[in-house]
Amino acid sequence: MTSKDERLAFLEEMQDVKRIRKPNRAEVSTPRELTPGHLERQRSAVEQQVKDRNPLTADMVEPLTAQDVLSWQRPGVQHGVFKKLRLGQYPVEARLDLHRMTVEEARREVFGFINDCVRYGLRSVIILHGKGERNPDRIAHIKSHIAKWLPELDDVLAFHSAQKHHGGTGAVYVMVRKGDRDKQRNREIHGGH
């Protein structure tokens, strides 16, 4: 509690203070005119083309059917390593499901997925692309594009249609190259140069 003397001393100190007449609120209404800076940023945003770093192309692919087997390996991949991949003997470290996606959505997802695999050191992954059996033309569109796209990515060393228990010809095992960090770790462990 304050005493009477303290209250009087306070009022005496405050006697020259004038009340603020404007409300103590921020001005939040937007100006009706666009500033030159705003117009320039708007023009620049419209004119600036977004660079697509995704090298995968969505045009002209060989049409595949539900039963077609995908199989490819980059030169230098050892036969035993490819056989192990083909037989599904590597643990699946990540999966990407492309069911119900458009070709363009799948293109973006595959590119991002493989980049993420390299970044996080994932070597053996699976992509579920479906068989396309429900398509009226009986063509497996996403699968057909996967067969074209994966060899276009330098980070993909090999791929093969999955074993039946992993989706068979509706899925593909993918072997991804080691990231720079993993290569360096191997050099340190094994003393390579």
Tell me the closest heavy-atom pair linking Glu105 and Thr102, and the distance in Å. OE1-N, 2.8 Å
Does Leu122 share a hydrophobic cluster with Val172, counting links as ILVMFWY side-chain heavy atoms below 4.5 Å and allowing steps through other members? yes
Of all the heavy-atom pairs spanning His166 and Ala171, show the shortest one and how long it is. O-CB, 3.5 Å
Working to the nearest 0.5 Å, report the span between NE2 of His145 and CG of Leu64. 10.5 Å
List in chain and number order the residues that pass side-chain contact (heavy atoms from CB on, under 4.5 Å) with Thr65, two or more places apart in sequence or in another chain; answer none if no residue qualifies. Asp68
Would a distance-only check, ignoring hydrogens and angles, find a side-chain to backbone donor-acceptor pair under 3.5 Å from Asp97 to His99? yes
Do you reckon Val77 sits in the same ILVMFWY cluster as Leu85, going by side-chain contacts under 4.5 Å, direct or chained? yes
Between atom CD1 of Ile127 and atom CZ of Phe113, what is the distance when rounded to the nearest 0.5 Å? 5.5 Å
Taking all heavy atoms of Lys148 and all of Pro151, pick out the closest pair and write down the distance. O-CD, 3.4 Å
As a quick check of understanding, evaluate side-chain contact (heavy atoms from CB on, under 4.5 Å) for Ile142 and Val103, giving each step before the final call. CA-CA 6 Å; Ile142 300 293; Val103 170; 4.0 Å; yes
Could you walk me through whether Val174 and Ile114 pass the side-chain contact (heavy atoms from CB on, under 4.5 Å) check? CA-CA 9 Å; Val174 182; Ile114 296 299; 4.1 Å; yes
Is a side-chain donor or acceptor of Gln163 paired with a backbone partner of Arg86 at a separation under 3.5 angstrom? yes
Please name the pair of heavy atoms, one in Phe82 and one in Phe159, separated by the smallest distance, quoted to 0.1 Å. CE1-O, 3.7 Å
For residues 7-17, which side-chain donor-acceptor pairs fall under 3.5 Å, sequence neighbours excluded?
residue	atom	partner	partner atom	Å
Arg7	NH1	Thr2	O	3.1

After noting the C-alpha distance and the side-chain angles of Trp149 and Arg107, does the key distance pass the side-chain contact (heavy atoms from CB on, under 4.5 Å) rule? CA-CA 8 Å; Trp149 291 338; Arg107 183 182 86 89; 3.6 Å; yes
Below 4.5 Å, heavy atoms only, C-beta onward: do Lys143 and Lys131 meet side chain to side chain? no
Student check: side-chain heavy atoms of Ile139 and Ser144 closer than 4.5 Å: yes
Name every donor-acceptor pair, under 3.5 Å, that has one atom in a side chain of residues 87-94 and the other anywhere in the protein, sequence neighbours excluded.
residue	atom	partner	partner atom	Å
Glu93	OE1	Arg123	N	2.5
Glu93	OE1	Ser124	N	2.9

Could you see if Trp72 belongs to whatever hydrophobic cluster contains Phe111? Use Ile, Leu, Val, Met, Phe, Trp, Tyr and a side-chain cutoff under 4.5 Å. yes
Report the distance from atom NE2 of His160 to atom NZ of Lys83, rounding to the nearest 0.5 Å. 12.0 Å
To the nearest 0.5 Å, what is the distance between OG1 on Thr169 and CG on Leu70? 8.5 Å
Shared hydrophobic cluster for Val125 and Leu96 (ILVMFWY, side-chain gaps under 4.5 Å): yes
If hydrophobic clusters are built by linking Ile, Leu, Val, Met, Phe, Trp and Tyr wherever their side-chain heavy atoms come under 4.5 Å apart, do Tyr120 and Val110 end up in the same one? yes
What one should report as the nearest heavy-atom pair of Gln67 and Glu133 is NE2-OE2, 3.8 Å
Euclidean distance, Tyr173 OH relative to Ser161 OG, rounded to 0.5 Å: 9.5 Å
Let me see the working for Val118 and Val176 under side-chain contact (heavy atoms from CB on, under 4.5 Å), right down to the final yes or no. CA-CA 7 Å; Val118 172; Val176 181; 3.5 Å; yes
Roughly how far, to the nearest 0.5 Å, is CG of Leu150 from CD of Glu152? 9.0 Å
Contact between His141 and Asn135 at the side-chain level, heavy atoms closer than 4.5 Å - yes or no? yes
